[in-house]
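Worth saying up front: this structure is predicted, and the values here are computed from it rather than measured. Reckoned from all heavy atoms, side chains included, excluding hydrogens, waters and symmetry mates. All residue numbers refer to positions in the sequence shown, counting from 1.
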Amino acid sequence: MYSRLLVLGGCSSGKPPALMVQLCLQDDQGVSDFLNLMQSVAASEHMNFVDVSADTQEKLKVIHAKYAKLATPSSVINVDIESGDRLVVTADNIDLPTYQVSVDSRATCHRPTSSDSSTF
């Protein structure tokens, strides 16, 4: 009886892994403070802060998404920090509880455009 062991390994070159952290915000004031911090970081690094939270909320309502939040000012968080045409940091709470936010560092990703079919 023979046994075989196959080991596969690989790396993709040129792209560092994205870093992700999840935060819990206390309340609506915590959401406001978080958004202000993101805006401040973008400004201090000479980057653009883009807040598409309200637009995302409306689009989620249109498609009746299971994670469309109640209509409160801080219900949907969907913001980016951009440098040129590159996303540097994204933060959102889509498919998460209202005050839980996923923050991703994506220094090598291009910002999606309206022509991308996967974009809302």
Subject >> Distance, nearest 0.5 Å, that separates CD1 of I77 from OG1 of T56 >> reply: 11.0 Å
**OP:** Could you pull out the closest heavy-atom pair between Y99 and D28, with the gap in Å?
**Re:** OH-OD1, 2.7 Å
**OP:** Nearest 0.5 Å please: distance from the SG atom of C24 over to the CG atom of N93.
**Re:** 11.5 Å
Subject >> Spacing of CG belonging to L87 relative to CG belonging to N48, to within rounding of 0.5 Å >> reply: 11.0 Å
List the atom pairs, with distances to 0.1 Å, where a side-chain N or O of residues 33-47 and a protein N or O form a donor-acceptor pair under 3.5 Å, not counting sequence neighbours.
from : atom 1 : to  : atom 2 : distance (Å)
D33  : OD1    : Q29 : NE2    : 2.8
N36  : ND2    : S32 : O      : 3.3
S44  : OG     : S40 : O      : 3.3
S44  : OG     : V41 : O      : 3.0

Original post:
Just how far is it from atom CG of N78 to atom CG of D51, taken to the nearest 0.5 Å?
Top reply: 8.0 Å
Original post:
What's the spacing between L25 CG and T98 OG1 if we round to 0.5 Å?
Top reply: 10.5 Å
**OP:** Could you tell me whether the side chain of V89 reaches within less than 4.5 Å of the side chain of V103, counting heavy atoms only?
**Re:** yes
Original post:
What are the two closest heavy atoms between M20 and S102, and how far apart are they?
Top reply: SD-OG, 3.5 Å
**OP:** Taking all heavy atoms of I81 and all of F49, pick out the closest pair and write down the distance.
**Re:** CG1-CD1, 4.5 Å
Original post:
Say you draw a straight line from CZ of R86 to CG of D80; how long is it, rounded to the nearest 0.5 Å?
Top reply: 14.5 Å
